[in-house]
Amino acid sequence: MKTRLLLSILGFSSLVSVQVEPLDAQAAPSAGRAILVTGASSGIGRAITERLAGKGYFVYAGARSPEDIRALDAIPNVKGLRLDVTSDADIDAAVATVRREGRRLHGVVNNAGVAIFAPMIEADLGDLQFQFDVNVYGPIRINKAFAPMVIENKGRLVTIGSINGIVAGAFSGPYAMSKHAMEAYTDALAAEMGPLGVSVSLVEPGRYRSSMSANVMQRWREQNKTTAGSRFEAQYQRMVQSFDPAGESRYPEPTEVAEAVEHALTDATPKLRYLVAPTAGQSHFAVRRAIERAVEMNQRQRHTLDRAGLIALLDSVLARTK
């Protein structure tokens, strides 16, 4: 197994190229393979579940409410599982179910996530803990628990990140922090799992239709939150109003995100990162921010590269990552 580490000035990450065992040309790639998807009840998770199940994979679809589990069970090739990614008991039970049923676990898709938006100097520490418990510690718990089976099958580990893992702005700090943590986690995990024959990918979506707005506002109401008294009251109030669930209809369905996940799970040379955005504006904004970060790091330091040096480094990285 050969592993290649490359420095990327666009993301300051180690890009890992892993030689993956080719799929059996005589059988469908999905034959006898199972995928675990967390947060599968709606939005991106539901789209991933339906796409993979439609391609013949058996999907273990994690959800929390009995109603959502029953709805997932009704989809062909899908078994709904009670799976709260913050619950060790739920995770242990899910591992036992997958082991007992004897299917080849080819991959894990860490999709479960929550979103907290607040000014950083006013954010409630309990909200921050909730944010990280689901978005950061959740994938860590799931991957640790299912890693033995994935390693046995030289499979795939995929996490749903976000463009907000690259770009952060006012009031998006808690959410962006959790997704930025997944950037570092993915780099480290890929370097460690590559020699074991397991590929690791991070899918970074832009804004697609999901239940995020509804979930943000539900938690807001449950906690009787208000913008009153905030140092940023007017701007903060506009942000809250932007999360009107009725506005979700203006965003496209997350079909492209599900396609990227399928590629990460099935391609012989999956990418480490998949930036998936519904508009060129969102995509270019994220790439520009990554370049700006490289420039910021390079400025006024002992070993600063001039423009020619930066371009030469970029050309070198591009040539080696084709």
What closest approach, in Å, do [X] and [Y] show between heavy atoms, and which atom pair accounts for it?
{"X": "P205", "Y": "G161", "answer": "CD-O, 3.3 Å"}
{"X": "V216", "Y": "A115", "answer": "CG2-O, 3.7 Å"}
{"X": "G113", "Y": "N135", "answer": "CA-OD1, 3.2 Å"}

Looking only at atom types and distance, does a side-chain atom of [X] sit under 3.5 Å from a main-chain N or O of [Y], one as donor and one as acceptor?
{"X": "Q282", "Y": "R207", "answer": "yes"}
{"X": "D73", "Y": "G80", "answer": "yes"}
{"X": "E152", "Y": "A147", "answer": "no"}
{"X": "N111", "Y": "V37", "answer": "no"}
{"X": "D267", "Y": "T269", "answer": "yes"}
{"X": "T226", "Y": "A228", "answer": "yes"}
{"X": "S178", "Y": "V136", "answer": "no"}
{"X": "T38", "Y": "A112", "answer": "yes"}
{"X": "R293", "Y": "R288", "answer": "no"}
{"X": "S172", "Y": "G169", "answer": "yes"}

Indicate yes or no: at least one non-hydrogen side-chain atom of [X] is less than 4.5 angstrom from one of [Y].
{"X": "R51", "Y": "V261", "answer": "no"}
{"X": "L272", "Y": "D187", "answer": "yes"}
{"X": "E296", "Y": "E292", "answer": "yes"}
{"X": "Q131", "Y": "M177", "answer": "no"}
{"X": "V257", "Y": "V203", "answer": "yes"}
{"X": "L275", "Y": "S283", "answer": "yes"}
{"X": "V158", "Y": "V108", "answer": "no"}
{"X": "E183", "Y": "R273", "answer": "yes"}

Measure the [atom1]-[atom2] distance between [X] and [Y] for me, rounded to the nearest 0.5 Å.
{"X": "Y57", "Y": "H106", "atom1": "OH", "atom2": "NE2", "value": "5.0 Å"}
{"X": "L202", "Y": "I160", "atom1": "CG", "atom2": "CD1", "value": "8.0 Å"}
{"X": "S211", "Y": "Q218", "atom1": "OG", "atom2": "CD", "value": "9.5 Å"}
{"X": "F130", "Y": "I116", "atom1": "CZ", "atom2": "CD1", "value": "5.5 Å"}
{"X": "I151", "Y": "M193", "atom1": "CD1", "atom2": "CE", "value": "4.0 Å"}
{"X": "S230", "Y": "F171", "atom1": "OG", "atom2": "CZ", "value": "6.0 Å"}

### Query
Can we call the ring centroids of Y236 and F117 under 6.0 Å apart?
no
### Task
In sequence, state the C-alpha distance, the side-chain angles, and the governing distance for V109 and T49, and then conclude on side chain to side chain contact (heavy atoms under 4.5 Å, CB included).
CA-CA 10 Å; V109 180; T49 296; over 6 Å; no
### Query
Under 3.5 Å, is there a donor-acceptor pair between the Y185 and N110 side chains?
no
### Message
Checking T227 against Q237: is there a side-chain donor and acceptor pair closer than 3.5 Å?
### Response
yes
### Query
Is the shortest distance from a Lys or Arg side-chain nitrogen in R141 or D84 to a carboxylate oxygen in the other one below 4.0 Å?
no
#### Entry: Of E253, E248, E256, the residue whose pairing with R209 passes salt bridge (Lys or Arg N to Asp or Glu O under 4.0 Å)
E253
